[in-house]
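Read through the structure below, which is laid out as structure tokens, and then see the notes.
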Amino acid sequence: MFFILSLKKNLKLTPEYLGKRINKHLANLLNSAVEGSFDTKFGYIVKVLKHEKIGEGKVQDSSGDVLFPLLYKALVFMPYKGEVVDAMVSQVMEVGFTATLGPMSMFVAAQNIAADYYLEPEARPHPRWVNKTDPSKTIQVGGDVRLRIMSVRVNGNEMMGVCEMSEAYLGPITV
Amino acid sequence: MEDRLGPEFANAMFLSISEVKTLLEYFKREGYMSASNNPLFEQIFAYVKRYDRFPDIQVSDQAKNMLQEHHFQDAEIAMLMNLCPHSAEEARSLIPELNRIESDEELNATLEELVRLKNL
């Protein structure tokens, strides 16, 4: 899900920037510090939308650097447990398949694929999962699928979703 | 669903894929990308372009207004617009929050209108 969140960030300025253009400088610094970043609590910060407030700076002992608290609004992408999402199939294997959702990789294990799908390992150019009753329904590389997120794992600077595709109304979709 | 997200999300605003697409297109037009090095922006932009269900922003605004008039909550509106379910049963299965709505008929009528807008 996408959200607009109010967030806070402390930024440290070295003394040479304490001039007339300080606000502009802080704004640029904020954008480059947070845009494109990932936080386990807020998810992916896609874009800063608005600088709301620059708080009072505090001079740091010993260095002369000044720490400013900044309040801002940002567009964030944060997947959560139980959410139903659409994603693009990226790899099909015997143990299941993976799909891509923006910056995230989603994994669906074979046991979490509805029982009426079977693997066609010899299919070309890639193996695929095919529905027994309706063979037009396939999970293949480049196709779109609807999944439910079972859990989200954080791995360094990335998030990985573990998903299922076993309930009704989940599975291949056309977009 | 707020309990599945942190307290930071208590006052968060929900955006549908369609709205995110409009927002990112605006930043693209304003030349934002030429000045930044943000691969996440491109990944999200590609995602929302692929999965936006509505033909343009006017229609997606119309869908949002219609859902607001029917008193859906913000989270439900974003999810309905993202997933565009065709029936009450499908909607309840994908978005369990909708089980608070008792009448299938009422829900079906709303979904029919949503699908009509999507297919414009």
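Just so we're clear, the structure is a prediction, and the values are computed from it rather than from any experiment. Lettering follows sequence order; numbering is per chain, from 1.
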Can you give me the closest heavy-atom contact between [X] and [Y], atom names plus distance?
X	Y	result
Leu83(B)	Val84(A)	CD2-O, 3.8 Å
Leu40(B)	Pro103(A)	CD1-CG, 3.5 Å
Gly102(A)	Tyr47(B)	N-CD1, 3.7 Å
Lys41(A)	Phe9(B)	O-CE1, 3.3 Å
Asn38(B)	Gly36(A)	OD1-CA, 3.3 Å

[X] and [Y]: same hydrophobic cluster, using ILVMFWY side-chain contacts below 4.5 Å?
X	Y	answer
Met93(A)	Val145(A)	no
Leu49(A)	Phe42(A)	yes
Ile4(A)	Leu30(A)	yes
Val66(A)	Leu26(A)	yes
Leu120(B)	Leu67(B)	yes

Enter the distance from [X]:[atom1] to [Y]:[atom2] here, rounded to the nearest 0.5 Å.
X	Y	atom1	atom2	result
Asn82(B)	Met1(A)	CG	CE	5.5 Å
Phe3(A)	Leu5(B)	CZ	CG	5.0 Å
Met78(A)	Glu8(B)	CE	CD	8.5 Å
Ser93(B)	Arg148(A)	OG	CZ	6.0 Å
Phe41(B)	Leu75(A)	CZ	CG	9.0 Å
Met88(A)	Tyr51(B)	CE	OH	6.5 Å

Report task. Determine the option with the most heavy-atom pairs under 4.5 angstrom with chain A, choosing from Ile95(B), Asp52(B), Ile17(B), Ile44(B). Result ->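 Result: the option with the highest number of such pairs is Ile44(B).
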Within the supplied structure, the quantity of interest is the number of heavy atoms (other residues, nucleotides, ligands) at a distance under 6.0 Å from [X] [atom1]; does it exceed 12?
X	atom1	answer
Gln60(A)	CD	yes
Tyr118(A)	OH	yes
Lys132(A)	NZ	yes
Asn155(A)	CG	no
Arg100(B)	CZ	yes

Query - Interchain contact, Ser32(A) with chain B, by part (heavy-atom threshold 4.5 Å) - result: neither
Query raised in the report: For Tyr44(A), is it the side chain, the backbone, both or neither that has a heavy atom under 4.5 Å from a heavy atom of chain B?
Result: both
Requested in this report: Just do the ring pair (Phe, Tyr, Trp, His ring centres under 6.0 Å) check on Phe14(B) and Phe2(A) with the steps written out, would you?
Outcome: CA-CA 6 Å; Phe14(B) 291 81; Phe2(A) 291 97; over 10 Å; no
Requested in this report: Taking only Lys NZ, Arg NE, NH1 and NH2, and the carboxylate oxygens of Asp or Glu, determine whether Asp86(A) and Arg50(B) approach each other closer than 4.0 Å.
Outcome: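 Salt bridge between Asp86(A) and Arg50(B), a charged N being under 4.0 Å from a carboxylate O: no.
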Query raised in the report: What part of Glu89(B) is in contact with chain A, defined as an atom under 4.5 angstrom from a non-hydrogen atom: side chain, backbone, both or neither?
Result: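 Glu89(B) touches chain A through backbone and side-chain heavy atoms alike.
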**Report entry** Interface residue of largest heavy-atom contact number with chain B, from Leu7(A), Leu101(A), Val175(A), Ile173(A), under 4.5 Å
**Finding:** Leu101(A)
Query raised in the report: Pick from Arg146(A), Lys73(A), Glu83(A), Lys81(A): which one has the most heavy-atom pairs with chain B under 4.5 Å?
Result: Arg146(A)
